[in-house]
Visitor: 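Got a structure for you, questions after.
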Amino acid sequence: MVVFLYQNYKPVIADCKIEMQAEIFASEFLLDDDSTLEYINLGVTNINQAKEQCVPVKYVDLKRKNLVYANFKIAF
């Protein structure tokens with residue numbers, strides 16, 4: 001029985017990675033860099049940006065993290 005659980009556990013991890021990659025792709029596809037930077041510079045929260053652009057908040061979170069990771073200059 002333990003072997004059966006391990007066999008089922010490994011694909012779950014792979015599925016999580018694939019799901020995360022899909023969410024990152026969706027956030028990059030749906031949200032423009034320039035508009036997201038404008039929202040940030042205006043002080044708009046992630047929740048309000050998500051409401052205005054009709055996307056899940058997690059996509060806005062991912063997009064903003066990717067912008068910071070890509071070293072965009074963000075005024076805080």
Side-chain angles (χ1 to χ4, degrees):
M1 181 123 174
V2 174
V3 175
F4 180 74
L5 292 175
Y6 274 149
Q7 288 175 351
N8 287 340
Y9 184 69
K10 289 181 182 179
V12 170
I13 293 172
D15 288 344
C16 290
K17 285 183 179 181
I18 292 170
E19 184 66 28
M20 187 62 180
Q21 290 173 347
E23 289 180 354
I24 291 170
F25 174 79
S27 70
E28 291 295 323
F29 183 76
L30 294 172
L31 300 169
D32 183 50
D33 289 351
D34 294 333
S35 64
T36 301
L37 287 171
E38 188 175 334
Y39 280 114
I40 292 169
N41 291 330
L42 291 173
V44 176
T45 64
N46 293 10
I47 295 169
N48 289 336
Q49 180 183 350
K51 285 179 184 177
E52 287 185 22
Q53 294 191 310
C54 301
V55 296
V57 176
K58 65 182 175 182
Y59 289 177
V60 175
D61 292 338
L62 285 170
K63 181 64 176 186
R64 289 183 178 207
K65 286 178 186 175
N66 286 337
L67 289 174
V68 170
Y69 182 74
N71 292 324
F72 276 88
K73 294 185 178 181
I74 299 172
F76 286 105

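Computed from a prediction, not measured in an experiment: that's the story for all the values here. FYI, side chains are in, hydrogens and waters are out, and symmetry mates aren't considered; it's all heavy atoms of this structure.
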Visitor: Should Leu62 and Met20 count as side-chain neighbours, where that means a heavy-atom distance under 4.5 Å?
Guide: yes
Visitor: With rounding to the nearest 0.5 Å, note down the distance linking NZ in Lys63 to CD in Gln53.
Guide: 10.0 Å
Visitor: Measuring from atom CG of Asp61 to atom NZ of Lys65, what distance do you get when rounded to the nearest 0.5 angstrom?
Guide: 6.0 Å
Visitor: If you round to the nearest 0.5 Å, how far is CG of Leu37 from CG of Leu31?
Guide: 11.5 Å
Visitor: With a 3.5 Å cut-off and no angle check, do the side chains of Glu52 and Tyr39 form a donor-acceptor pair?
Guide: yes
Visitor: May I have the step-by-step check of side chain to side chain contact (heavy atoms under 4.5 Å, CB included) for Arg64 and Gln49, ending in yes or no?
Guide: CA-CA 11 Å; Arg64 289 183 178 207; Gln49 180 183 350; 2.8 Å; yes
Visitor: Which residue is it: Leu30, Asn46, Ile24? I am looking for the one with a side chain to side chain contact (heavy atoms under 4.5 Å, CB included) to Tyr59.
Guide: Leu30
Visitor: We want to know whether Asp33 and Thr36 form a side-chain donor-acceptor pair, criterion being a heavy-atom distance below 3.5 angstrom.
Guide: no
Visitor: Supply the atom-to-atom distance Ser35 OG to Glu38 CD, rounded to the nearest 0.5 angstrom.
Guide: 7.5 Å
Visitor: Ser27 pairs by side chain to side chain contact (heavy atoms under 4.5 Å, CB included) with which of Val55, Val60, Asn66?
Guide: Asn66
